[in-house]
Amino acid sequence: VQLQASGGGLVQAGGSLRLSCAASGRTFSSYGMAWFRQAPGKEREIVAAIDWRGLRTYYPDSVKGRFTISRDNAENTVYLQMNSLKPEDTAVYSCAATDQPIGLSDRQYDNWGQGTQVTVSS
């Protein structure tokens, strides 16, 4: 599966952004999906994951209550709604696909899209 992320940009603290990840290729609905981010000098971290049916989600404490992952299998797209953004959310955000029902580690993901930059100003 090929992945194309979009929707990044510059936003003020407290603002919102919605990222999109369009998939093409093999059956999108059979993949667990996730969003990761990587800030300069920091390790890549997961910010949201969703299972292939869209019934199970996972968020780390750092974004829980502010970020929402969703998917539209008919449109082969996964979304990340980010609200109440903070300067520490600044990073390159990437979407990824796993052939497992859901994955919480980047080691479980074999398919990666290019990143999209999110910058939150204070």
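- The minimum heavy-atom distance between Ala13 and Ser122, with the atom names listed, is CB-CA, 4.3 Å.
- Here the OG-CG distance, from Ser16 to Leu85, works out to 6.0 Å after rounding to the nearest 0.5 Å.
- Thr90 and Val120 get closest at one heavy-atom pair: OG1-N, 2.9 Å.
- Across Gly8 and Leu19, no two heavy atoms sit closer than the pair N-CD2, 3.5 Å.
- Residue pairs meeting the salt bridge (Lys or Arg N to Asp or Glu O under 4.0 Å) criterion with at least one member in residues 54-67, sequence neighbours excluded: Asp61-Lys64, Arg66-Asp89.
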Run the side-chain hydrogen bond (donor to acceptor under 3.5 Å, both in side chains) check on Gln108 and Asp106 step by step: do they pass?
CA-CA 5 Å; Gln108 296 175 274; Asp106 60 358; over 6 Å; no
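- Taking every heavy atom of both residues into account, Ala5 and Gln114 meet most closely at O-NE2, 2.7 Å.
- Atom OG of Ser30 is separated from atom CZ of Arg53 by 13.0 Å, given to the nearest 0.5 angstrom.
- A donor-acceptor pair under 3.5 Å is formed between the side chain of Thr98 and the backbone N or O of Gln100.
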Take Glu45 and Arg37 through the test side chain to side chain contact (heavy atoms under 4.5 Å, CB included) and record every step on the way to the result.
CA-CA 6 Å; Glu45 63 173 342; Arg37 68 185 180 189; 2.6 Å; yes
Side chain to side chain contact (heavy atoms under 4.5 Å, CB included) for Phe67 and Asn83? Distances and angles first, verdict last.
CA-CA 6 Å; Phe67 289 12; Asn83 298 329; over 6 Å; no
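- Checked against salt bridge (Lys or Arg N to Asp or Glu O under 4.0 Å), Glu88 has no partners two or more places apart in sequence or in another chain.
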What verdict does the side chain to side chain contact (heavy atoms under 4.5 Å, CB included) test give for Val92 and Thr116, after you've listed the backbone C-alpha separation in whole Å, the side-chain angles of each residue and the deciding distance to 0.1 Å?
CA-CA 5 Å; Val92 175; Thr116 185; over 6 Å; no
Asp72 vs Thr77, test: side-chain hydrogen bond (donor to acceptor under 3.5 Å, both in side chains). Steps then yes/no.
CA-CA 5 Å; Asp72 184 339; Thr77 304; over 6 Å; no
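- Tyr58 forms part of a hydrophobic cluster together with Phe36, Ile46, Leu104, Tyr109, Trp112, judged by ILVMFWY side-chain heavy-atom separations under 4.5 Å.
- Checked by atom type and distance alone, the side chain of Asn73 pairs as donor or acceptor with a backbone atom of Trp52 at under 3.5 Å.
- Considering only heavy atoms from C-beta on, Tyr93 stays 4.5 Å or farther from Gln38 through its side chain.
- Shortest non-hydrogen contact noted between Val11 and Leu17 is CG1-CD1, 4.1 Å.
- Annotation: the span from Ser20 atom OG to Arg18 atom CZ amounts to 5.0 Å, rounded to 0.5 Å.
- Note on Ile102: it does not cluster hydrophobically with Val78, by side-chain heavy-atom contacts below 4.5 Å among ILVMFWY residues.
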Met33 vs Phe28, test: side chain to side chain contact (heavy atoms under 4.5 Å, CB included). Steps then yes/no.
CA-CA 9 Å; Met33 299 295 297; Phe28 172 74; 3.8 Å; yes
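- Heavy atoms only, all atoms of each residue included: Leu55 and Asp51 are closest at N-OD1, 2.8 Å.
- A cation-pi arrangement is not found for Arg71 relative to Tyr79, the charged atom failing to lie both closer than 6.0 Å to the ring centre and inside a 45° cone about the ring normal.
- At least one donor-acceptor pair under 3.5 Å links the side chain of Tyr59 to the backbone N or O of Ile69.
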